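So the structure is just underneath, and the comments pick up after that.
This one's a predicted model, so the numbers in the text were calculated from it and none came from an experiment. By convention in this document, chain letters (A, B, ...) are assigned in the order of the sequence lines, proteins followed by strands, and residues within each chain are numbered from 1.
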Amino acid sequence: MLASGGSTVRRRCRPAAGTACDLCYNRASPPCFPGNSAPMTVRTRFAPSPTGYLHIGGARTALFSWLHARHHGGAFVLRIEDTDLERSTAESVNAILEGMTWLGLEYDEGPFYQTRRFDRYREVIQQLLDSGHAYRCYCSRERLERLRADQLARKEKPRYDGHCRHLERPPAPDAPYVVRFRNPLEGTVVVDDLVRGRVSFANAELDDLIIARSDGTPTYNLTVVVDDTDMGITHVIRGDDHLNNTPRQMNIMQALGLQPPAYAHVPMILGPDGKRFSKRHGAVSVMQFRDEGYLPEALINYLVRLGWSHGDQEVFSVDEMVELFDIRDVNKAASTFNPDKLLWLNQHYIKTSPPEHLERHLGYHLGRLGIDPAAGGPDILAVIRALQERSKTLVEMARQALFLYQDFDHYDEKAAKKHLRPAAVEALTRLRTGLAALPDWEAEAIHGVVVGVAEVLELKLGKVAQPLRVAVSGGPVSPPIDVTLELLGRERTLQRIDRALAYIAGT
RNA sequence: GUCCCCAUCGUCUAGACGGCCUAGGACACCACCCUUUCAAGGUGGCGACACGGGUUCGAAUCCCGUUGGGGACGCCA
């Protein structure tokens, strides 16, 4: 559904007649609602820094942002925040794009790279300098470090002390400098956050942040402001960890005469230990989930329910999410990642998806095991039908399908010990005869043979089916035995019974 | 440490106006049923409003405090 590239619904929110959907226009522009013309389109963005793969937290932020745009019929833009030349890599960009594609979070514009916009940032920095809203700071790193250490020792919040704020001229003609934003000293900044509600910060708590490094490159807080404005972003949806940056960015916008966008800070995802979710909690990379056999729709569904809900509903198709999602319904509290529930959803989607949909996904995992289902063996759709009710992941499904496509090299030890014993010889022999004589090789007839042998020998069905199962599959678990044999084919079935008989004789 | 934020079952959550909540659903867990293995499915069970004060006829829902947790405090983003 999601990854197969089907069309996604694009619906506009429909406010009651004559009223505005208060999320559908940018507060920066005069509200054209209520009254006449169409509201300004919602524009959201996802702005990762390419310093790693796309992880779970980022993926959910992207999802919320994407859903918000889709729900309101707006645009979703992708921006790569690669101003940190040291840590940004092209591989990371690719990994992020790959992750988004796999999840089906397609973007309408971008990716835009900040490194290609340095001229623009320089221009804005100069503008800030010219208007007196920024100044050059010549403090050495050593002084800054000392300042910080002292403040910490005094149990104060470490921050720049404004040393260069009123400097008349550089200490030396060619002294290196950074550019700092001249943050207001008084007053408060109020953020009306779509999920957090009203949050206020005292300007006295904020210091003069660096907007340009000594090499002239711009820093994050400056570039976001410029880009969000230039790209017409109406709603900034991002992680909670950015809430504290918001007042600074709003101050910069004010200095530039810009109206800030609407903000929505979504809560973090924590690991089972209550700490911020990270690598040491296991899989964090979206692509790792693919490799572990998860369906993208299961991950998406799991992610959307982390911090958002719609009554008691647990399962949402992407279209339903788009229809029902409202950023204002997102929870304020952080939530803990629960692998069990993700697994359950994955199983649910495997169980309920049409086999045709699973085909490509299973094919991928079979391929990783060195199997090409198109090269022979049972029909993959039939295999999926037999396995989809008993697989929690696609990896599991691929492993369970293995014996249908290639011979196993040894029996499961415990299973062989229990079922491939002399006591089973009679049953296996009779099964072989009966099966070999079957006019049609299909489940119902096979079932008849198995039941028949059990009756003749006055054995419970399990006593007959289980040795047969171990004989043909190598282990104690497979789909119903008749279905299993049908999939395996007569030739292989008979061969494997012979092999089992030989094995018993040899033990 | 300072600032900001958060707080319902182990986990994700439901909970518009405070009464419909002896707090609902889902995952996990336990038991039973079904059964040809493994699953799936069915039935039932376990299990929470962090604490303390208010406000009110009445509070999970409002206010204050405490405690606990998270985030931010970089020439990272």
Is the shortest distance from a Lys or Arg side-chain nitrogen in [X] or [Y] to a carboxylate oxygen in the other one below 4.0 Å?
X	Y	result
K417(A)	D412(A)	no
R117(A)	D230(A)	yes
D273(A)	K275(A)	no
R120(A)	E123(A)	yes
R143(A)	D161(A)	yes

Pair F76(A) + Y107(A): ring centers closer than 6.0 Å: no
Remember a base hit wins even if backbone is also touched, and classify [X] as base, sugar-phosphate or nothing at under 4.0 Å, heavy atoms.
X	value
H447(A)	base
E205(A)	sugar-phosphate
R159(A)	nothing
R148(A)	sugar-phosphate
T217(A)	nothing
K351(A)	sugar-phosphate
V178(A)	base
P247(A)	nothing
Q151(A)	nothing

Atom-pair distance ([atom1] on [X]; [atom2] on [N]), nearest Å:
X	N	atom1	atom2	result
L343(A)	A26(B)	CG	P	18 Å
D208(A)	C73(B)	CG	P	16 Å
L243(A)	A77(B)	CG	C1'	16 Å

Pairing nucleotide - [N], Watson-Crick or G-U, each distance under 3.5 Å:
N	answer
G68(B)	C6(B)
C73(B)	G1(B)
C17(B)	none
A23(B)	none
C29(B)	G45(B)

Ring of Y411(A), cation from R499(A) - is the NZ or CZ under 6.0 Å from the centre and inside 45° of the axis? yes
Y160(A) ring centre to R180(A) NZ or CZ under 6.0 Å, with the angle to the axis within 45°? yes
Can you tell me, in whole Å, how much space there is between the P of G18(B) and that of A60(B)? 13 Å
Relative to each other, are the rings of F289(A) and Y294(A) parallel, tilted or perpendicular (30° and 60° limits)? perpendicular
Answer with yes or no whether S478(A) presents, from its side chain, a donor or acceptor under 3.5 Å of a partner atom in the base of C38(B). no
Is there a side-chain polar atom (N or O) of [X] under 4.0 Å from OP1 or OP2 of [N]?
X	N	answer
K275(A)	G71(B)	no
Q313(A)	G25(B)	no
R198(A)	C5(B)	no
T83(A)	A77(B)	yes

Passing candidate, salt bridge (charged side-chain N to carboxylate O under 4.0 Å, His left out) with D240(A), options K332(A), R60(A), R196(A): R196(A)
First of M268(A) and R180(A) reached from the 5' end of RNA chain B, by closest nucleotide: M268(A)
Do nucleotides 8-19 of chain B as a string where each nucleotide becomes B, S or -: B if the base has a protein heavy atom under 4.0 Å, S if just the sugar-phosphate does, - if no protein is that close. ---BBSS-----
Nucleotides 43-45 of chain B: which of its N/O atoms have a protein N/O under 3.5 Å away?
none

